[in-house]
Q: 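A single structure is presented below for examination.
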Amino acid sequence: MKKWIKITLIAAAVAAVLIVIAAIAVSPVAKNYIEKHDRELLGRSIRMERLRMNIFTGRLRIEGLRIGGSEDSTTFFRLDSFEMRMRLWPLLGNRVLVKKIAFAGPDVKIYQRGNAFSFDDITARFAGDTTAAAEAPEKPSKPWEIGIYDISIRNGRVFYKDLALDAAWGMNCLLYTSDAADD
């Protein structure tokens with residue numbers, strides 16, 4: 001066999017092995033990073049039982065997600081499982097195509113005291129700096145097209161309590177399904 005063919009085959013085999021190793025390692029590495037840097041990312045504790053990502057098919061599955069309250073003595077958000085499937089190739093053309101999003105057992109607890117809500121710290125973190133945008137306008141980039149299809153929520157729960165009024169409100173067994181055929 002010619003030497004250049006042998007080198008090409010060895011290089012292709014090494015590249016294939018490295019890609020498979022990266023695909024296997026991405027889920028535990030991402031889970032570990034999210035849980036170790038939860039305060040930087042969200043300002044609250046984040047724990048999950050399992051995180052699985054398939055970089056070839058665009059599938060993401062999270063099981064047993066818990067996001068702590070602002071003092072971490074309570075759970076602000078709990079989710080039994082989350083599954084998302086998206087097409088990856090359209091990302092190259094500024095298109096996000098999510099084929100499926102499924103939430104199972106989402107449970108959120110919201111508390112209000114006056115005008116303050118228990119999630120104000122999260123919304124403030126992602127609000128952004130509006131003064132910087134006014135100073136230096138940027139050249140607009142190509143807009144992204146976003147399509148989300150087949151959304152479902154099963155066994156959802158919402159609890160709300162106004163601490164000043166000592167009034168509580170809750171919803172159990174929330175169910176929502178949608179798919180592209182219902183347009």
Side-chain angles (χ1 to χ4, degrees), residues 26-53 58-86 91 94-135 138 141 143-179 182:
V26 71
S27 294
V29 169
K31 179 183 182 295
N32 187 37
Y33 180 84
I34 290 168
E35 289 183 343
K36 283 194 177 201
H37 298 278
D38 52 1
R39 298 281 176 199
E40 294 171 41
L41 297 169
L42 192 62
R44 297 188 178 197
S45 67
I46 302 172
R47 296 292 172 260
M48 60 188 95
E49 292 172 13
R50 183 172 291 133
L51 171 70
R52 301 218 187 247
M53 288 190 286
R59 182 174 184 228
L60 170 68
R61 182 165 176 83
I62 301 172
E63 295 176 6
L65 176 67
R66 308 280 185 273
I67 299 176
S70 56
E71 315 85 37
D72 280 340
S73 60
T74 61
T75 299
F76 166 69
F77 181 76
R78 184 177 64 82
L79 186 64
D80 292 341
S81 69
F82 169 80
E83 183 174 352
M84 181 179 78
R85 295 178 188 216
M86 69 182 293
L91 290 172
N94 287 8
R95 293 176 56 213
V96 177
L97 293 176
V98 179
K99 298 187 304 186
K100 175 183 180 178
I101 293 182
F103 298 91
D107 186 356
V108 63
K109 292 181 174 70
I110 301 169
Y111 297 94
Q112 180 182 5
R113 185 179 309 269
N115 291 333
F117 289 90
S118 57
F119 54 83
D120 284 345
D121 59 323
I122 297 172
T123 56
R125 177 178 289 278
F126 295 103
D129 185 10
T130 57
T131 60
E135 293 173 5
E138 294 182 18
S141 62
W144 281 75
E145 176 186 330
I146 301 173
I148 303 174
Y149 307 95
D150 193 11
I151 303 168
S152 69
I153 300 172
R154 289 188 340 255
N155 299 325
R157 293 172 295 282
V158 176
F159 175 80
Y160 164 80
K161 184 169 186 177
D162 187 325
L163 299 171
L165 300 176
D166 196 27
W169 173 82
M171 288 193 309
N172 293 318
C173 299
L174 295 176
L175 176 68
Y176 173 78
T177 60
S178 166
D179 63 45
D182 292 341

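Throughout, residue positions are numbered sequentially from 1 according to the sequence presented.
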Q: Before giving the answer on side-chain contact (heavy atoms from CB on, under 4.5 Å), spell out for Asn32 and Ile34 the whole-Å C-alpha distance, their side-chain angles and the decisive distance to 0.1 Å.
A: CA-CA 6 Å; Asn32 187 37; Ile34 290 168; over 6 Å; no
Q: Could you work out, with ring pair (Phe, Tyr, Trp, His ring centres under 6.0 Å) as the rule, every residue matching Tyr33, not counting sequence neighbours?
A: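 Ring pair (Phe, Tyr, Trp, His ring centres under 6.0 Å) list for Tyr33, sorted by chain: His37.
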Q: Kindly write out the residues that satisfy side chain to side chain donor-acceptor pair (under 3.5 Å) with Arg157, not counting sequence neighbours, or none if the list is empty.
A: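 Result, side chain to side chain donor-acceptor pair (under 3.5 Å) vs Arg157: none returned.
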Q: Would you say the side chain of Val98 lies within less than 4.5 Å of the side chain of Val96, judging by non-hydrogen atoms?
A: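 Result yes, sub-4.5 Å side-chain heavy-atom pair found.
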Q: Check whether any side-chain heavy atom of Leu174 lies under 4.5 Å from a side-chain heavy atom of Asn155, and answer yes or no.
A: no
Q: What's the verdict on side-chain contact (heavy atoms from CB on, under 4.5 Å) for Gln112 and Leu163, showing C-alpha distance, side-chain angles and the deciding distance?
A: CA-CA 6 Å; Gln112 180 182 5; Leu163 299 171; over 6 Å; no
Q: Write down the atom of Thr75, the atom of Lys109, and the distance for their closest heavy-atom approach.
A: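 What the structure gives for the nearest pair is O-CD, 3.8 Å.
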Q: Under the side chain to side chain contact (heavy atoms under 4.5 Å, CB included) rule, collect the residues that match up with Asp121, sequence neighbours excluded.
A: Arg44, Ser70
Q: Would you name the heavy atoms of Gly114 and Ala164 that are closest together and state the gap between them?
A: N-CB, 4.3 Å
Q: Hey, could you give me the OG/CG distance between Ser141 and Asn94, rounded to the nearest 0.5 Å?
A: 7.0 Å
Q: Quick one: pull up CD1 in Ile62 and CD in Glu49 and give me the separation to the nearest 0.5 Å.
A: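 Here the interatomic distance stands at 12.0 Å.
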Q: Going by the rule side chain to side chain contact (heavy atoms under 4.5 Å, CB included), which residues pair with Asp38 if we only count those two or more places apart in sequence or in a different chain?
A: Ser45, Ile46, Arg47
Q: If we only count heavy atoms from C-beta on, is the Lys99 to Met86 side-chain gap below 4.5 Å?
A: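 No, their side chains stay 4.5 Å or more apart.
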Q: May I have the step-by-step check of side-chain contact (heavy atoms from CB on, under 4.5 Å) for Phe76 and Leu42, ending in yes or no?
A: CA-CA 12 Å; Phe76 166 69; Leu42 192 62; over 6 Å; no
Q: Determine whether Glu83 and Lys100 make a side-chain contact, defined as any pair of heavy atoms from C-beta on separated by less than 4.5 Å.
A: yes
Q: Main chain of Thr177, side chain of Ser152: is a donor-acceptor contact present, judged purely on distance under 3.5 Å?
A: no
Q: Please enumerate all residues that pass salt bridge (Lys or Arg N to Asp or Glu O under 4.0 Å) together with Arg78, with sequence neighbours excluded.
A: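 Arg78 satisfies salt bridge (Lys or Arg N to Asp or Glu O under 4.0 Å) with Asp80, Asp107 only.
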Q: Can you find a pair of side-chain heavy atoms, one from Tyr160 and one from Phe117, that are under 4.5 Å apart?
A: yes
Q: Got Trp169 and Phe159 here, is their nearest side-chain heavy-atom distance under 4.5 Å?
A: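 No, side chains not in contact.
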Q: Would you please name every residue forming a ring pair (Phe, Tyr, Trp, His ring centres under 6.0 Å) with Phe103, sequence neighbours left out?
A: Phe82
Q: Sequence neighbours excluded, which residues qualify as side chain to side chain contact (heavy atoms under 4.5 Å, CB included) partners of Arg50?
A: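 Partners of Arg50 by the side chain to side chain contact (heavy atoms under 4.5 Å, CB included) criterion, ordered by chain and then number, come out as Arg52, Glu63.
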Q: How many angstroms lie between CE in Met53 and CZ in Arg61, if you round to the nearest 0.5 Å?
A: 14.5 Å
Q: Testing the basics here: between Ala30 and Leu51, what is the closest heavy-atom pair and its distance to 0.1 Å?
A: CB-CD2, 3.7 Å
Q: Could you pull out all residues at least two apart from Phe77 that satisfy ring pair (Phe, Tyr, Trp, His ring centres under 6.0 Å)?
A: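 Per chain and number, Phe77 pairs via ring pair (Phe, Tyr, Trp, His ring centres under 6.0 Å) with no residue.
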Q: Quick test of your reading of the model: are Lys161 and Asp166 salt-bridged, counting only N-O distances below 4.0 Å?
A: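 Counted as a salt bridge, because a side-chain N and a carboxylate O are separated by less than 4.0 Å.
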Q: Show, in sequence, the C-alpha distance, side-chain angles and deciding distance for Val108 and Phe119, and conclude whether the side-chain contact (heavy atoms from CB on, under 4.5 Å) test is met.
A: CA-CA 11 Å; Val108 63; Phe119 54 83; over 6 Å; no
Q: Mark yes when over 12 heavy atoms from residues, nucleotides or ligands other than Arg125 sit less than 6.0 Å from its CZ; otherwise mark no.
A: yes
Q: Checking Ala116 now: which residues fulfil side chain to side chain contact (heavy atoms under 4.5 Å, CB included) with it, not counting sequence neighbours?
A: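 Partners of Ala116 by the side chain to side chain contact (heavy atoms under 4.5 Å, CB included) criterion, ordered by chain and then number, come out as Asp120.
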Q: What residues form a salt bridge (Lys or Arg N to Asp or Glu O under 4.0 Å) with Arg154, not counting sequence neighbours?
A: none
